[in-house]
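Take a look at the structure set out below.
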Amino acid sequence: VKIITGNDLKTGAVIWWDGRGWSLHVEDAADVGEHGEQILAGEDAACRVNGGYLLEAEREADGNVRPAHIKDRIRALGPTVRPDLTLKPADPNAGNWVI
Amino acid sequence: MYKYDQYDQAMVDARVEEFRDQTRRRIAGLMTDDQFKPLRLKNGLYLQLHAYMLRIAIPYGTLDSGQLRKLAHIARTYDRGYGHFTTRQNLQFHWIKLEQAPDILAELAEVEMHCIQTSGESIRNVSADHYAGAAADEITDPRPWAEMLRQMTNFHPEFSYLPRKFKIAVIAAKEDRAAMRWHDFGLRIVKNAAGEIGFEVYPGGGMGRTPFIAYKARDFLPQHQIFSYLQAVLRVWNRHARRDNIHKQRMKILVHELGEEEFTRQVEEEFERFLALGTDFPQAEYDRIAAYFEPPAFETDAPDEIDLSDPDFKLWVERQTAPHKAPGYAITNISLKKVGAIGGDMTADQMDVVADLAERYSFDELRVSHVQNLVLPHVKKADLYAVWQALVEADLADVNLDLVTDIIACPGLDYCSLANARSIPVAQKIAQRFADLDRQRELGELKIKISGCINACGHHHAGNIGILGVDKKGSEAYQLLLGGSGDENTTQAKITGPGFDEDGVVDAVEKATDVYLRERADGERFLDTYRRIGMEPFKEAIYG
């Protein structure tokens, strides 16, 4: 699937396009198909996202989305060396998901 | 240390307000990202993986306690309770919100700090020996010259749009503790036969994708001609630099392509023109700035003996302190490399503890080293036990200066948008493998440096053992290098061979240390043994 990510303009937080707006959670990311560039152009013009880009991801068995590249998986979760600062600090499997 | 005058303060305050307005316009949609990006970078604000990152300049690595307390306050108020000291003696906060960045700059300006020229194609924060002003072996304090170069180059129009970044280091001792020859412009303060002070000048160094060690262009440049010489170097670079190719823009590439002799010839030609213009510092200005760096009022009868009856304290004193120029005093290194922790990271609470120690025991001064540790430069030997006890309490009393666990590592793929691989977990695994202090001491001086990409912020080219993270078809991989050094006998590390995964590179490091232990002669450090026996025995052990 193709998904869109970027950073929130005001806060810098990693955000994912969920089909209608931006979510902090990669599992909300929507497959944008061939509409990625069009969505990015609109969101950039509206100054809601900084450094937005399209990326490849795969749909896992549970339906969640997993970005293809490790850099985006680290962006999705947070620094692997600070599990206390990640979006899922209590999830023991979070590290395995990244690597 | 240097204190702002009304001009410094006015310039920094004006920059804060300018950036506040720029930020307001960006958030209001009056500027595009392409328009705003160079403006935020001019104020040290990057966009990293998880948030904005703010890089704060710590000129020549010198801080006072009030500044460190301010950094602690910013960590608590605007970030996530910690900061990261970098290999350029700066500090980075990794969780900054754009909408709060102008307020942070205003807070920094209150304590004479800023983020100007910590990014972009400019002359970056001037670095210096972190023992400056305290070292027993220095000719003079190099910081007045570092400060003058800072003043002459900040906001200078000719240096505002350089072909690429430009890094300066100044030292004043034979021992190079600042990796001086890995800079674009390295200076060593020396005395000539007549006892006059001047500079050995080393242009053309740098790490990154194409590493070069700076060459010596001058054996002796009279001290008051330094700004003319620097302008001449920058003028020649500005004239010829490959602005069309990002990989060839650094000055080291030009020096390589022109050749050292021709580069020097052109610089000397320009130098004569600048000398005639009379743009160098007059003595009075040197005296004005040097007065800020007068040594503190050391006690003249401070006892030299230290009670080392506590064995843990004895270990710490032997490893973490260095000779001071004043009798009865010691330079005290604070390790930020606790095994299992993140090298260079420091919590706000720890910053407050060290600020208190600096205020009480070190004439209100502290330093940041390029190896990502802190230094209390002027501690009375009689106070060392109290300092150590406070550091133990704050979890800052590790005993590993220059040992195998005192690892430089860039933030890597855990934080950095340029990185290809994570650096910090590799550093943590190596540190855990060698956690036993007796084993570390048996290995002796061994400097490991890890970068998460070819930009080499983790100085892997200068590592006795260097590690470079690379992207191998979407996975992390690590190249191993041996034989690098950033000291007075600077050398560039060489790649051993095929790369490894994360655990594999940790094993390879251990195998390299086994070769050293097997082959070393009396008194040899790891680097000495490598230089004597060469790469082959290491390759055999690692790949055999």
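Naming: A, B, ... by sequence-line order, numbering from 1 per chain. Just so we're clear, the structure is a prediction, and the values are computed from it rather than from any experiment.
To the nearest 0.5 angstrom, T80(A) atom OG1 is 7.5 Å from I424(B) atom CD1. Distance check: S417(B) OG to I74(A) CD1 gives 12.5 Å after rounding to the nearest 0.5 Å. Rounding to the nearest 0.5 Å places NE2 of H50(B) at 8.5 Å from CG of L77(A). Remark: D8(A) CG to Y52(B) OH distance equals 7.5 Å, nearest 0.5 Å. To the nearest 0.5 angstrom, D34(B) atom CG is 8.0 Å from D44(A) atom CG.
Heavy atoms closer than 4.5 Å to chain B are found nowhere in D72(A), neither backbone nor side chain. There is no contact between A28(B) and chain A, counting heavy-atom distances below 4.5 Å. Of the two parts of L49(B), the backbone and the side chain both hold a non-hydrogen atom closer than 4.5 Å to a non-hydrogen atom of chain A. Using a 4.5 Å cut-off between heavy atoms, D471(B) touches chain A through its side chain atoms alone. Of the two parts of T23(B), neither the backbone nor the side chain holds a non-hydrogen atom closer than 4.5 Å to a non-hydrogen atom of chain A. In this structure, chain A has a heavy atom under 4.5 Å from the side chain of Y82(B), while its backbone stays farther away. Interface remark: Q48(B) contributes backbone atoms only to the contact with chain A (heavy atom separation under 4.5 Å). With a 4.5 angstrom heavy-atom cutoff, R48(A) does not touch chain B via any of its atoms. Contacts between L413(B) and chain A at a heavy-atom distance below 4.5 Å involve backbone atoms as well as side-chain atoms. Contacts between M53(B) and chain A at a heavy-atom distance below 4.5 Å are absent for every atom of the residue.
Nearest heavy atoms, R26(B) versus N50(A): NH2-OD1, 4.1 Å. For the residue pair C47(A) and G29(B), the shortest heavy atom distance occurs at SG-CA, 3.3 Å.
Interface summary for chain B: among V14(A), N7(A), V98(A), the most heavy-atom pairs under 4.5 angstrom belong to N7(A).
Contact of the I70(A) side chain with the S475(B) side chain is not registered, since no non-hydrogen atoms from C-beta on lie closer than 4.5 Å. H94(B) has its side chain out of reach of L85(A): every pair of non-hydrogen atoms, C-beta onward, lies at least 4.5 Å apart.
K10(A) places no side-chain N or O within 3.5 Å of a backbone atom of I27(B) that could act as its donor or acceptor partner.
The 12-atom threshold is exceeded at CD of E58(A), counting heavy atoms of other residues, nucleotides or ligands nearer than 6.0 Å.
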